Amino acid sequence: MNDAITEAFTLPADGLAQLVTPDLQRLAARMAQDAFTRIFRLTLEADAAQLEAAVGEIEGLARNWVRAGAGEEARAVRLALLVTGIEQWRLAWCQAFGLAAIPGATALLGALRNGLDVAAEARLQQKFAALEQSEGDAVDFKMELRRNVHMALWHAMIACQERDEALAILAALCGMLVALVGHMPALGWRLAADTLAHIQLRCLTDAAAGEGLARESTEELFAALRLALPREAFEPMLAHANHAVIAWQRARRAH
């Protein structure tokens with residue numbers, strides 16, 4: 001499914017791809033998701049001992065993956081991706097569910113940066129700046145990360161039994177997508193379109209959000225984006241998403 005959608009995008013040049021390949025970037029996004037999901041689950045279970053053990057275990061696995069990079073620059077990119085990914089999940093969950101903090105995630109982020117010498121910290125800051133300033137840098141990581149965060153929130157939204165809960169997540173998700181379009185002028189609307197395409201495909205393939213509150217909130221999400229974004233941003237975004245869905249359907253029929 002993802003390959004057909006990605007083909008509908010013309011991605012900008014990635015200045016970090018020589019240090020961390022697109023496949024490794026996508027792996028970093030998935031590692032960040034797995035780490036955050038595990039920590040958040042243990043946080044909800046209120047098992048302090050298991051949470052502390054999990055933070056230590058995830059830190060060790062992450063450090064081993066970072067050390068596998070071919071050279072100091074590559075290792076700095078790997079660490080920057082993991083830290084950025086976990087932080088984005090943390091921020092999204094705090095925003096969507098009204099949480100003041102997620103201590104386990106904060107502890108893991110601190111642990112990953114502890115022990116860096118001055119030179120290593122400077123390299124890490126340089127990679128953070130590159131990720132922020134150049135939309136094309138680590139573009140595969142950004143696309144995988146944003147898609148997974150957005151889709152997780154959408155699944156949480158359509159699973160809600162109470163309208164107020166669904167609308168709170170809807171507002172947060174809509175806000176994230178609108179902010180993404182504004183923050184990344186060249187790439188943001190394409191990343192948002194990727195999310196909209198995947199939502200449509202889930203509805204087609206899994207019959208997700210087919211009725212009731214799930215369907216209403218999904219329709220309201222699209223309507224809210226139409227209202228919140230300028231026409232010149234929303235219409236190309238929706239057209240791009242629809243094109244990706246059509247391309248996926250054609251590819252499926254061809255097989």
Side-chain angles (χ1 to χ4, degrees), residues 2 16 19-132 137-156 159 169 172 176:
N2 292 352
L16 297 176
L19 294 171
V20 179
T21 65
D23 283 345
L24 287 174
Q25 290 178 25
R26 289 187 285 270
L27 174 60
R30 293 192 294 272
M31 289 175 66
Q33 177 180 5
D34 291 344
F36 177 82
T37 301
R38 182 178 176 191
I39 285 175
F40 187 67
R41 176 178 57 79
L42 290 172
T43 299
L44 292 179
E45 293 174 0
D47 190 322
Q50 284 195 27
L51 179 59
E52 182 179 358
V55 169
E57 180 185 346
I58 294 169
E59 178 196 355
L61 293 171
R63 288 190 181 281
N64 287 340
W65 187 73
V66 169
R67 281 194 290 265
E72 293 177 341
E73 293 297 314
R75 289 192 284 273
V77 176
R78 288 186 178 215
L79 181 56
L81 295 181
L82 288 178
V83 170
T84 297
I86 295 166
E87 175 67 3
Q88 288 300 312
W89 277 95
R90 186 188 71 82
L91 289 173
W93 249 238
C94 285
Q95 181 179 344
F97 300 103
L99 303 173
I102 303 174
T106 302
L108 176 59
L109 289 168
L112 289 174
R113 299 184 66 167
N114 283 344
L116 296 179
D117 59 28
V118 174
E121 179 64 30
R123 282 191 294 270
L124 181 62
Q125 292 299 329
Q126 183 186 48
K127 302 314 176 193
F128 283 144
L131 290 172
E132 180 69 19
D137 282 358
V139 63
D140 289 273
F141 165 80
K142 291 173 180 175
M143 182 171 289
E144 184 85 11
L145 174 68
R146 294 289 184 169
R147 176 195 302 135
N148 293 344
V149 169
H150 297 155
M151 291 302 294
L153 287 175
W154 177 71
H155 279 290
I169 300 174
M176 290 175 202

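Predicted model only: the values in this text are computed from it and were never measured.
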Interatomic distance, [X] atom [atom1] to [Y] atom [atom2] [nearest 0.5 angstrom]:
X	Y	atom1	atom2	result
I86	D34	CD1	CG	10.5 Å
M176	L153	CE	CG	5.0 Å
I58	L82	CD1	CG	11.0 Å
L61	R63	CG	CZ	12.0 Å
L112	L79	CG	CG	6.5 Å
R38	L51	CZ	CG	9.5 Å

On a heavy-atom basis, which atom in [X] and which in [Y] lie closest, and how many Å separate them?
X	Y	result
L108	A35	CD2-CB, 4.2 Å
R75	G69	NH1-O, 3.0 Å
A54	L42	CB-CD1, 3.4 Å
D140	R26	OD1-NH1, 2.8 Å

Checklist entry - Do any N or O atoms from the side chain of E144 and from the backbone of A29 form a donor-acceptor pair under 3.5 angstrom? => result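 No; zero donor-acceptor contacts below 3.5 Å.
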Checklist entry - Do L131 and L16 have side chains that get closer than 4.5 Å, going by heavy atoms? => result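 Yes, their side chains come closer than 4.5 Å.
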If the condition is side-chain contact (heavy atoms from CB on, under 4.5 Å), which residues does [X] pass it with, not counting sequence neighbours?
X	result
Q125	R113, E121, F128
T21	D23, L24
A76	R123, K127
D117	A119, A120

Residues that [X] engages under side chain to side chain donor-acceptor pair (under 3.5 Å), provided they are two or more places apart:
X	answer
Q126	none
W89	none
Q88	none
N114	none

Item to check | Listed once per pair and sorted, the salt bridge (Lys or Arg N to Asp or Glu O under 4.0 Å) pairs that draw on residues 90-104, sequence neighbours left out | outcome: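 Counting only pairs at least two positions apart or across chains, the salt bridge (Lys or Arg N to Asp or Glu O under 4.0 Å) contacts touching residues 90-104 are E87-R90.
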Item to check | Set of residues satisfying salt bridge (Lys or Arg N to Asp or Glu O under 4.0 Å) with respect to E52, sequence neighbours excluded | outcome: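 Residues passing salt bridge (Lys or Arg N to Asp or Glu O under 4.0 Å) with E52: none at all.
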Item to check | Pair listing, side chain to side chain donor-acceptor pair (under 3.5 Å) test, anchored in residues 39-48, at least two apart | outcome: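 Qualifying pairs, neighbours excluded: R41-E45, D47-Q50.
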Checklist entry - Where do V20 and F141 land on the side chain to side chain contact (heavy atoms under 4.5 Å, CB included) test, with the steps shown first? => result CA-CA 10 Å; V20 179; F141 165 80; over 6 Å; no
Item to check | Partners meeting ring pair (Phe, Tyr, Trp, His ring centres under 6.0 Å) with F97 (sequence neighbours left out) | outcome: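 Partners of F97 by the ring pair (Phe, Tyr, Trp, His ring centres under 6.0 Å) criterion, ordered by chain and then number, come out as W93.
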